[in-house]
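Following: one structure in structure tokens, then a few remarks.
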Amino acid sequence: KEEFYNLAIQYYNNIEHEFKEADSIIPKSISIVIDHEFISTPCIEIKLELYSQDHQKKIGNYYLYLNMEKHFLDEFLT
């Protein structure tokens, strides 16, 4: 579990600086997706919650999608 969260945080940290606003990142969930409209399945979805200063305000979510061999498929920042 920690390996997946650390991998998602690494990918999040590689996003261009202008798109990153989070001061803190909270690991939220890891799911196996068996059906998705536009991402190859089955895959692994890792969700991180993004917060501004001291966990006071949630500013978004980061989703990382990996195939079952842990290779990058897609990512979304909401």
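Heads up: numbering here begins at 1 and tracks the sequence. Keep in mind the model is a prediction, meaning the values are calculated, not measured.
Using a 4.5 Å heavy-atom threshold, the side chains of I46 and Y63 count as separate. Between I59 and Y51, the closest side-chain pair of non-hydrogen atoms is not below 4.5 Å. Contact annotation: the side chain of L77 approaches that of L50 to within less than 4.5 Å [non-hydrogen atoms, C-beta and beyond].
Looking at residues two or more places apart in sequence or on another chain, you find a side chain to side chain contact (heavy atoms under 4.5 Å, CB included) between Q10 and L7. Under the rule for a ring pair (Phe, Tyr, Trp, His ring centres under 6.0 Å), the partners of Y12 that lie at least two apart in sequence or sit in another chain are Y62. Scanning for salt bridge (Lys or Arg N to Asp or Glu O under 4.0 Å) contacts around E3 gives K70, with sequence neighbours left out. Residues meeting the side chain to side chain donor-acceptor pair (under 3.5 Å) test with E45, sequence neighbours left out: Y65. Scored by the side chain to side chain donor-acceptor pair (under 3.5 Å) test, N61 finds K58 as partners (sequence neighbours excluded).
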Report all side-chain donor-acceptor pairs from residues 25-38 shorter than 3.5 Å, counting only partners two or more places apart or in another chain.
from, atom 1, to, atom 2, distance (Å)
H36, ND1, F38, N, 3.2
H36, ND1, I39, N, 3.4

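Rounding to the nearest 0.5 angstrom, the gap separating the SG atom in C43 from the CD atom in E69 is 11.5 Å. Note that CZ of F72 and CG of N14 are 10.0 Å apart. Values are rounded to the nearest 0.5 Å. A distance of 11.0 Å separates CG in L64 from CD1 in I9, rounded to the nearest 0.5 Å. For the atom pair I44 CD1 and L73 CG, the distance stands at 9.0 Å (nearest 0.5 Å).
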Can F4 and L66 be said to form a side-chain contact (heavy atoms from CB on, under 4.5 Å), step by step?
CA-CA 10 Å; F4 285 107; L66 305 172; 4.2 Å; yes
